[in-house]
Amino acid sequence: MHAATIRDGELHVMEHPDPEPGTGEVLVRIRAAGLNGADIMQLRGRYPAPPGEPADIPGMELAGEVAALGPRAGRFSGGDRVMGLVGGGAQAELAVVNERVLMPVPVGLSWDQAGGAPEVFTTAHDAIFTQAGLRPGEHLLVHGAAGGVGTAAVQLGRATGARVTATVRRPELRDQVAALGAEAIDPEGFGAHGPFDVILELVGAPNLAENLNALALGGRISVIGIAAGAKGELNMAVLMGKRGRIHGSTLRARPLEDKAMTARLVERSVLPLLAAGTLHVPVASVYPLDRVADAYERFAAGGKFGKIVLHMPDS
Ligand SMILES: NC(=O)c1ccc[n+]([C@@H]2O[C@H](COP(=O)([O-])OP(=O)(O)OC[C@H]3O[C@@H](n4cnc5c(N)ncnc54)[C@H](OP(=O)(O)O)[C@@H]3O)[C@@H](O)[C@H]2O)c1
């Protein structure tokens, strides 16, 4: 098979042996695979793949058809359309994936949309519902809302009956984020739009002090992205006074059990809304596998609305 391959800090498309599914695993013929910030960090040598995942083939989400089943894999049949989160190796023509982390592709989703859906909808759903317990009628703030996770979180917040405010630093993207159902604002002075019951932090530590000040009583801050900085000063008196909570989370390094649990929750709560057209996967650009380096460059340049997706050659 061909796969995007990291060699000495550069991306190439190289030939690799076809992987073979082991017990409980499915061989997926990949049609599309979304890019994520973690891929860019892996390329730069700052985020190695977890043990057991291909070390040199990046990619954390995929969509494709079931090509073969390993021993005791029984959730899917040959030819089924599946998608899911993997620890690495998604930017390839083939991958083996434990069947428990795979989900069916909702009817109506194109391959490119499906390839860009698992990481951002799983991350957003886990952060704002499982971790932060967002409830209907509450006020959700999403920082960095024009990207993949942000566009997913805004839509999930609206779909559950929350009021959603979204910071978007590029004025030209605010209308598109507003069309998802949020009040899209300049990050400058965002606190004036609070108080917020839940804050999804996708940007990082520079927002910490204002997040705390703008937190409602009993509010929750969920830290998922820290590209703008990881270290800040925490005023514990404000945190106490708000009876607030701050927690952080990552998905990639979680054990299989945990990932399977998040997949079941997304299957139950998110996939029906994608199938009904209530939720959308905004795809900013699609690149063929042989232009993987251009796709990474586009992702790193920023200023996109939604996802960058790699499309695999038709076999
Ligand atoms: N913890 C986890 O499990 C997990 C899972 C998925 C993602 N993440 C992280 O969460 C973050 C969001 O992921 P994503 O997939 O949505 O990424 P993305 O598609 O690249 O979107 C990031 C968004 O944040 C904005 N942004 C970046 N730096 C900013 C800054 N300094 N000030 C204001 N806005 C800024 C970007 O704006 P521009 O386009 O203008 O740059 C973009 O709209 C990333 O850092 C990613 O690595 C973590």
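Indexing begins at 1, ligand by ligand and atom by atom, following the structure's order. From a predicted model like this one, the values you see are computed outputs, not experimental measurements.
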Practice item. Just let me know how V203 lines up against ligand 1, side chain, backbone, both or neither, with a heavy-atom cut-off below 4.0 Å. Key: side chain
Check your understanding: Which option out of G225, G302, G116 puts a heavy atom nearest to atom 44 (C) of ligand 1?
Key -> G225
Revision key, fill the gap. Atoms of ligand 1 under 4.0 Å from any heavy atom of T123, numbered from 1 in the order shown, are 5 (C), 6 (C)
Check your understanding: Which is closest to atom 39 (O) of ligand 1 in terms of heavy atoms, A166, G303, A227?
Key -> G303
Check your understanding: Of the protein's non-hydrogen atoms, which lies at the shortest distance from atom 3 (O) of ligand 1, and what is that distance?
Key -> L251 N, 3.0 Å
**Study point:** Atom pair CZ (R31) and CE (M312), whose distance is rounded to the nearest 0.5 Å
**Key:** 11.0 Å
Review point. Nearest non-hydrogen atom to atom 21 (O) of ligand 1 belongs to which of G147, A253, A145?
Key: G147
Exercise for review: Looking only at distances, please establish whether an N/O atom of ligand 1 is found under 3.5 Å from an N/O atom of G148.
Suggested key: yes
Check your understanding: Any Lys/Arg nitrogen of E99 or R72 sitting under 4.0 Å from an Asp/Glu carboxylate oxygen of the other?
Key -> no
Exercise for review: Could I get the full list of side chain to side chain donor-acceptor pair (under 3.5 Å) partners for S110, not counting sequence neighbours?
Suggested key: Q113
Exercise for review: Using a strict 4.0 Å cut-off to heavy atoms of A228, name the atoms of ligand 1 that fall inside it.
Suggested key: 31 (N)
Point to revise | Electrostatic pair R7:E10 at N-O distance under 4.0 angstrom | key: no
Check your understanding: Within a distance of under 4.0 Å, is there any protein heavy atom near atom 36 (C) of ligand 1?
Key -> no
Review point. Between NE2 of H139 and CG of L134, what distance do you get to the nearest 0.5 Å?
Key: 10.5 Å
Point to revise | Plane angle bin for H143 and F190 - parallel if under 30°, tilted between 30 and 60°, otherwise perpendicular | key: perpendicular
Review point. Under 6.0 Å between ring centres, would you say that holds for F129 and H125?
Key: yes
**Study point:** side chain to side chain donor-acceptor pair (under 3.5 Å) assessment of N213 paired with K242
**Key:** CA-CA 9 Å; N213 287 329; K242 297 288 172 85; 5.4 Å; no
Study note, to complete from the structure: Quick note on ligand 1: atoms under 4.0 Å from a heavy atom of F299 include exactly 20 (O)
**Study point:** Among I226, L35, L202, closest by any non-hydrogen atom to atom 11 (C) of ligand 1
**Key:** L202
Point to revise | Identity and distance of the protein heavy atom lying nearest atom 9 (C) of ligand 1 | key: I224 O, 3.6 Å
Exercise for review: Please say whether S249 places an N or O atom under 3.5 Å from an N or O atom belonging to ligand 1.
Suggested key: yes
**Study point:** For atom 19 (O) of ligand 1, closest protein heavy-atom neighbour
**Key:** K304 NZ, 2.4 Å
Review point. If hydrogens are left out, which of R169, R170, K307 has an atom nearest to atom 33 (C) of ligand 1, that is, the closest non-hydrogen atom?
Key: R169
Review point. Going through the checks in order, is the side chain to side chain donor-acceptor pair (under 3.5 Å) test met by Y296 and Q91?
Key: CA-CA 12 Å; Y296 274 57; Q91 291 164 9; 2.6 Å; yes
Enumerate, atom names and distances included, each donor-acceptor pair closer than 3.5 Å involving a side-chain atom of residues 150-158, sequence neighbours excluded.
unit_1, atom_1, unit_2, atom_2, d
T151, OG1, G147, O, 2.8
T151, OG1, G148, O, 3.0
Q155, OE1, H280, N, 2.7
Q155, NE2, T151, O, 3.1
Q155, NE2, H280, O, 2.9
R158, NE, G181, O, 3.1
R158, NH1, A162, O, 3.1

Practice item. List every atom of ligand 1 that sits less than 4.0 Å from any heavy atom of A146, numbering the atoms from 1 in the order shown and giving each element. Key: 43 (O)
Study note, to complete from the structure: Within the 4.0 Å heavy-atom cut-off, what V149 brings close to ligand 1 is both
**Study point:** atom 46 (C) of ligand 1 touched by protein (heavy atom, under 4.0 Å)
**Key:** no
Practice item. Do me a favour and list the nearest non-hydrogen protein atom to atom 24 (O) of ligand 1 with residue, atom name and distance? Key: G144 CA, 3.6 Å
Practice item. Drop me the distance from I30's CD1 to H311's NE2, to the nearest 0.5 angstrom. Key: 12.0 Å
Review point. Can a salt bridge be assigned to the pair R254 and D126 using a cut-off of 4.0 Å between side-chain N and carboxylate O?
Key: yes
Practice item. Pick one of side chain, backbone, both or neither for how E119 approaches ligand 1, counting any non-hydrogen atom pair under 4.0 Å. Key: side chain
